[in-house]
2 protein chains.
Amino acid sequence: MNIGEVSQRTGLPAKTIRYYEDIDLVTPQRAENGYRAFRESDLHKLTFLGRARALGFTIEDCRTLLALYEDSERESAQVKALAQEHLHAIDDKIAQLQSMRATLAHLVHACHGDDRPDCPILGDLAKGALR
Amino acid sequence: MNIGEVSQRTGLPAKTIRYYEDIDLVTPQRAENGYRAFRESDLHKLTFLGRARALGFTIEDCRTLLALYEDSERESAQVKALAQEHLHAIDDKIAQLQSMRATLAHLVHACHGDDRPDCPILGDLAKGALR
DNA sequence: CCTTGACCTTCCAGTAGCTGGAAGCACTAT
DNA sequence: ATAGTGCTTCCAGCTACTGGAAGGTCAAGG
């Protein structure tokens with residue numbers, strides 16, 4: 001299977017797939033013409049990676065998950081721990097964004113947004129500044 | 001005012017302040033010894049930048065906001081539009097994270113997380129893969 | 001006067017995770 | 001033979017910093 005087909009079937013850009021090879025997440029074989037020759041197992045790994053990335057796992061997390069995935073001796077507790085940690089990170093991020101959102105929404109609401117220059121948004125950003 | 005004091009008073013790392021000078025967000029004067037000499041107005045700009053960044057505005061947004069801040073002829077509508085656009089971006093991000101969170105929470109919940117290898121988290125990530 | 005230590009300077013490199021583009025070979029169809 | 005697509009490698013760039021090395025400057029203490 002050439003990279004184009006893999007790209008189509010996984011939904012990952014070819015560039016990304018090459019990059020994943022570069023950082024040793026997949027190691028496709030090579031055809032005689034120098035083209036990458038992907039096996040089904042490579043396709044599965046890439047699908048796996050695509051999903052894990054879509055869930056927001058970092059590349060390094062993905063590497064770990066992939067290793068666990070390939071390790072039939074793994075303890076599911078390890079996977080769960082990693083996922084849970086990531087879940088907390090997501091929660092933190094959501095909380096942070098929501099706090100930003102609240103402040104910003106308040107400011108946007110307060111700004112009349114017309115052709116005059118006075119603007120509570122800028123006012124708030126400059127708070128603490130004398131001018 | 002030297003960079004150390006500015007750093008303390010704005011809460012921004014000195015490195016960041018130098019970086020902001022590098023990309024022309026602030027242009028402090030120089031003392032004879034080559035040290036950066038910040039005026040009050042630089043401090044205000046940096047405070048402004050710190051707050052805008054804390055609200056998640058990109059550096060380029062900050063540049064625009066700063067220009068509007070300094071422009072007494074501005075129309076507040078421009079500021080409001082920028083803020084609103086950013087608000088939408090934040091909403092999108094929150095929605096995306098919440099969707100991730102839901103999926104992940106479900107998987108975490110489903111995984112018993114013990115010393116056995118079977119793990120619905122890995123199972124789901126591999127979905128579509130035969131193995 | 002000299003040294004120590006804190007503070008400042010510049011410059012280079014690296015972070016995460018790709019993405020774009022150039023130059024050039026391989027393959028397919030006409 | 002040629003055109004067009006797909007593949008290859010390599011280099012650079014993106015965001016917004018951050019870390020570290022090598023070295024100049026300044027104030028205080030002995």
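All chains are named by letter (A, B, ...) in the order of the sequence lines, taking the proteins before the strands, and each is independently numbered beginning at 1.
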ask   = How do B/Glu32 and B/Phe57 order along DNA chain D: which one's closest nucleotide is nearer the 5' end?
value =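 Mapping each residue to its closest nucleotide by heavy atoms, the 5'-most match is B/Phe57.
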Taking atom [atom2] of [N] as reference, at what distance in whole Å does atom [atom1] of [X] sit?
{"X": "B/Arg30", "N": "D/dT25", "atom1": "CZ", "atom2": "C1'", "answer": "14 Å"}
{"X": "A/Gln8", "N": "D/dG6", "atom1": "CD", "atom2": "C1'", "answer": "12 Å"}
{"X": "A/Asn2", "N": "D/dT5", "atom1": "CG", "atom2": "P", "answer": "17 Å"}
{"X": "B/Glu5", "N": "C/dA6", "atom1": "CD", "atom2": "P", "answer": "19 Å"}
{"X": "A/Tyr35", "N": "D/dT9", "atom1": "OH", "atom2": "C1'", "answer": "13 Å"}
{"X": "A/Lys15", "N": "D/dC10", "atom1": "NZ", "atom2": "C1'", "answer": "9 Å"}
{"X": "A/Met1", "N": "D/dC7", "atom1": "CE", "atom2": "P", "answer": "12 Å"}
{"X": "A/Asp22", "N": "C/dT19", "atom1": "CG", "atom2": "C1'", "answer": "13 Å"}

query = Under a 4.5 Å side-chain heavy-atom rule over Ile, Leu, Val, Met, Phe, Trp and Tyr, are B/Ile59 and B/Ile90 clustered together?
reply =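 In one cluster with B/Ile59: B/Ile90, yes.
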With respect to the phosphate group of [N], does any side-chain polar atom (N or O) of [X] fall under 4.0 Å of OP1 or OP2?
{"X": "B/Thr16", "N": "D/dT18", "value": "yes"}
{"X": "A/Arg18", "N": "D/dG6", "value": "no"}
{"X": "B/Arg36", "N": "C/dC8", "value": "no"}
{"X": "B/Asn33", "N": "D/dG24", "value": "no"}

query = Between B/Leu125 and A/Tyr69, is a side chain to side chain contact (heavy atoms under 4.5 Å, CB included) present by the stated rule, with each step listed?
reply = CA-CA 9 Å; B/Leu125 289 174; A/Tyr69 174 60; over 6 Å; no
message = For the backbone of B/Thr10 and the side chain of B/Thr47, can you confirm whether one donor and one acceptor N or O come within less than 3.5 Å of each other?
response =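 No, the answer is negative, given that no donor and acceptor are paired below the 3.5 Å cut-off.
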query = Where do A/Leu65 and A/Ala52 come nearest, in terms of heavy atoms and distance?
reply =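 What the structure gives for the nearest pair is CD1-CB, 4.4 Å.
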Considering every strand and a 4.0 Å limit on heavy-atom distances, what is the contact class for [X]: base, sugar-phosphate, or nothing?
{"X": "B/Arg53", "value": "sugar-phosphate"}
{"X": "A/Ile3", "value": "sugar-phosphate"}
{"X": "A/Tyr20", "value": "sugar-phosphate"}

query = Is there a side-chain contact between A/His112 and A/Asp118, using heavy atoms and a 4.5 Å cut-off?
reply =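 Of all side-chain heavy-atom pairs linking A/Asp118 with A/His112, at least one is under 4.5 Å.
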